[in-house]
Amino acid sequence: MRNLIEKKRRLLELFVLSFITIFGIGSQFFSNLAYSLNQGVLQTSFGIGSEYLIIPSVVSNFAFAMGVPLGHIFTHRFGFKRNYLFFVFLFLLGSIMGLLSFDLVSLSIAKVTQSFSTGVLFFTLLPKLFITFPRRYRNVFLMMVVVGLFGANALGGLSGSLSLELDKWHWLFIINIISSMLCLLLGYFLLTKEEYLRKTETYISKSVITLLILSTLAIAFPMSILTHAGWESVLVWAPLLLAVLFIINFILFNARSEHPIIYFKSLLIKKPFVGAIMAIASHLTLLSGIAGINIYIIRILKLPFPISLRFYVFFFVGVLITGVVKMFFYSSVGAGILGTIGATSILFVSVNWLILGRVVNVSFLYLQGILLGFGTSMTLISGAMATLLDGDLSRASERSQTMHILRNYSAAMFVPIIAYMMKSSVEKGVQSIDKEEIASTSTYLEKMQEIAINSDHKIFVLMIILNIIMLASSITQIFLGKGRRITPL
């Protein structure tokens with residue numbers, strides 16, 4: 001009888017942790033993609049230029065990245081449950097601020113609050129869920145993480161497409177409010193009270209954390225105005241130089257600290273190092289692919305709402321396939337082979353997107369949506385698991401944390417670079433046709449569309465380059481061996 005009660009308690013704990021992990025962290029991925037899709041609606045609502053709309057996205061991405069290394073520290077310092085409840089409540093406040101936001105400043109504050117709290121929760125919840133899962137069922141954990149977190153991206157795409165159709169955007173924050181309230185209530189009533197006591201004396205180097213914050217602020221400011229000001233502006237390159245100085249000092253102080261917050265040396269092992277490259281390259285490939293295809297579908301061809309909606313439905317189908325394959329085959333096949341399959345499927349997509357023109361085969365576009373969801377999630381999670389599992393298991397969390405920090409900071413820097421590339425290319429193209437003095441309106445519009453398509457192709461060239469890195473690192477992972485199983489034999 002006692003064993004039955006204990007099993008029920010464990011199952012309830014697993015259910016609660018799974019729910020709050022997927023909804024607690026997934027809210028960030030949902031919000032990011034939904035925001036990127038409804039920028040046209042925001043532009044009309046705020047009455048500002050499109051180059052300013054990237055600011056909330058950029059600063060929130062850096063806030064998320066900064067929060068990731070602090071999750072582990074705060075959890076050990078204050079206990080899992082207290083840390084979790086505080087930052088879920090902070091996310092709820094950010095969501096309410098977003099619902100009430102009326103200009104770019106208030107929206108930016110809301111998104112920074114949301115993102116920082118989710119960044120802290122990222123490395124509060126994922127390690128806890130992984131440890132709680134029985135070893136023989138950790139393949140189920142793998143499937144849940146894939147479907148839950150990548151599925152949040154798909155839901156963000158669906159919601160963002162719907163917000164374009166409705167010409168409204170505040171309702172997206174209502175979804176965030178509902179999810180955070182559910183997570184808050186479940187965590188408060190169902191997480192065990194003993195969690196309050198599970199805290200350890202953790203030394204926090206104030207100088208290292210201060211330098212992390214200063215480095216993040218110094219790099220976030222110039223990257224947020226890059227699209228508007230350009231690389232040649234003193235407001236961009238001067239803070240970037242300052243950021244480089246802060247980053248160098250952070251690395252030095254972090255290396256000398258008895259308790260570093262980022263463990264760079266932990267990745268200096270072959271399989272984890274290659275796994276980190278797989279994960280980071282996959283993330284950046286996904287960002288470039290999503291950015292490029294969104295511009296193509298919504299801005300260039302202005303395809304009807306149902307097509308954009310179905311594209312993200314099929315993207316989710318690809319994620320589901322990855323989840324099932326990971327659950328049944330990761331332990332037996334390994335990260336290298338699965339990562340190679342994922343990278344190859346993305347190469348097929350990126351090459352085809354490089355030759356997109358004025359006409360698109362919608363059915364083929366849906367197939368590419370499946371492959372995009374399948375390929376990026378397959379290679380990213382393969383790389384992440386290789387980083388976590390291959391090497392000294394006592395340092396697994398250090399390796400994983402470092403990889404995720406590098407991945408999120410890379411993504412935060414990559415987004416404004418893509419936006420700047422697109423804007424700069426379009427501006428040069430417009431200047432060239434203005435010199436031609438075209439009299440016909442229809443010819444002028446055709447030329448403009450051609451400029452937009454050619455500019456979009458440059459993003460897809462970047463996608464292919466990152467894709468090749470994905471593929472090369474995945475093949476390298478095969479030669480390094482299958483690696484450690486996620487479940488016991």
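Just so you know, these numbers use all the heavy atoms, side chains as well, and skip hydrogens, waters and symmetry mates.
Taking the six-membered ring for Trp and thresholds of 30 and 60 degrees, F19 and F23 have nearly parallel ring planes, at less than 30 degrees apart. Taking the six-membered ring where the residue is Trp, F141 and F130 present perpendicular rings, their angle passing 60° and hence far from 30°.
Taken to the nearest 0.5 Å, the CD1 atom of I475 stands 10.5 Å off from the CE atom of M278. Distance OG/S400 to CD1/I405: 9.5 Å, rounded to 0.5 Å. Rounded to the nearest 0.5 angstrom, F246 CZ and I248 CD1 are separated by 11.5 Å.
The main-chain N or O of A276 is never found under 3.5 Å from a side-chain atom of R407 such that the two would form a donor-acceptor pair. With S425 contributing its side chain and M422 its backbone, the two residues share no donor-acceptor pair below 3.5 Å.
Just one of L226, V59, T227 meets the side chain to side chain contact (heavy atoms under 4.5 Å, CB included) condition when paired with I54; it is T227.
Residues satisfying the ring-ring contact (aromatic ring centres under 6.0 Å, His included) test with F87, not counting sequence neighbours, are F74. Under the rule for a salt bridge (Lys or Arg N to Asp or Glu O under 4.0 Å), the partners of R395 that lie at least two apart in sequence or sit in another chain are E398. The salt bridge (Lys or Arg N to Asp or Glu O under 4.0 Å) test applied to D390 returns K271, not counting sequence neighbours. The salt bridge (Lys or Arg N to Asp or Glu O under 4.0 Å) test applied to E446 returns no partner, not counting sequence neighbours. For F364, the ring-ring contact (aromatic ring centres under 6.0 Å, His included) partners at least two apart in sequence or on another chain are F348. Residues passing the side chain to side chain donor-acceptor pair (under 3.5 Å) test with T387: none are found, sequence neighbours excluded. With sequence neighbours excluded, no residue forms a ring-ring contact (aromatic ring centres under 6.0 Å, His included) with Y296. Partners of F315 according to the ring-ring contact (aromatic ring centres under 6.0 Å, His included) rule, which considers only residues two or more places apart in sequence or in another chain, do not exist here.
Side chains of N139 and S331: a donor-acceptor N/O pair is absent below 3.5 angstrom, by distance only. No donor-acceptor contact under 3.5 angstrom links the side chains of Q368 and N352, judged on distance only.
Environment of NZ in K447: sparse, with no more than 12 heavy atoms of neighbouring residues, nucleotides or ligands closer than 6.0 Å. Few gaps surround CZ on F414; more than 12 heavy atoms of other groups in view lie less than 6.0 Å from it. The local environment of CZ in F15 is sparse, with at most 12 non-hydrogen atoms from other residues, nucleotides or ligands closer than 6.0 Å.
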With a cut-off of 3.5 Å and sequence neighbours excluded, list every side-chain donor-acceptor pair involving residues 318-327.
unit_1	atom_1	unit_2	atom_2	d
T322	OG1	G318	O	3.3
T322	OG1	F374	O	2.9
T322	OG1	S377	OG	2.9
K326	NZ	M378	O	3.1
K326	NZ	S382	OG	2.1

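Sorted by first and then second residue, the pairs that involve residues 355-367 and meet salt bridge (Lys or Arg N to Asp or Glu O under 4.0 Å), not counting sequence neighbours, are R358-E450. Identified under the salt bridge (Lys or Arg N to Asp or Glu O under 4.0 Å) test for residues 464-481, with sequence neighbours left out: none. Applying the salt bridge (Lys or Arg N to Asp or Glu O under 4.0 Å) test to every pair with at least one member in residues 239-248, sequence neighbours left out, gives no pairs at all.
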Audit row: Y330, T487, side chain to side chain donor-acceptor pair (under 3.5 Å) steps and yes/no: CA-CA 9 Å; Y330 181 84; T487 54; over 6 Å; no
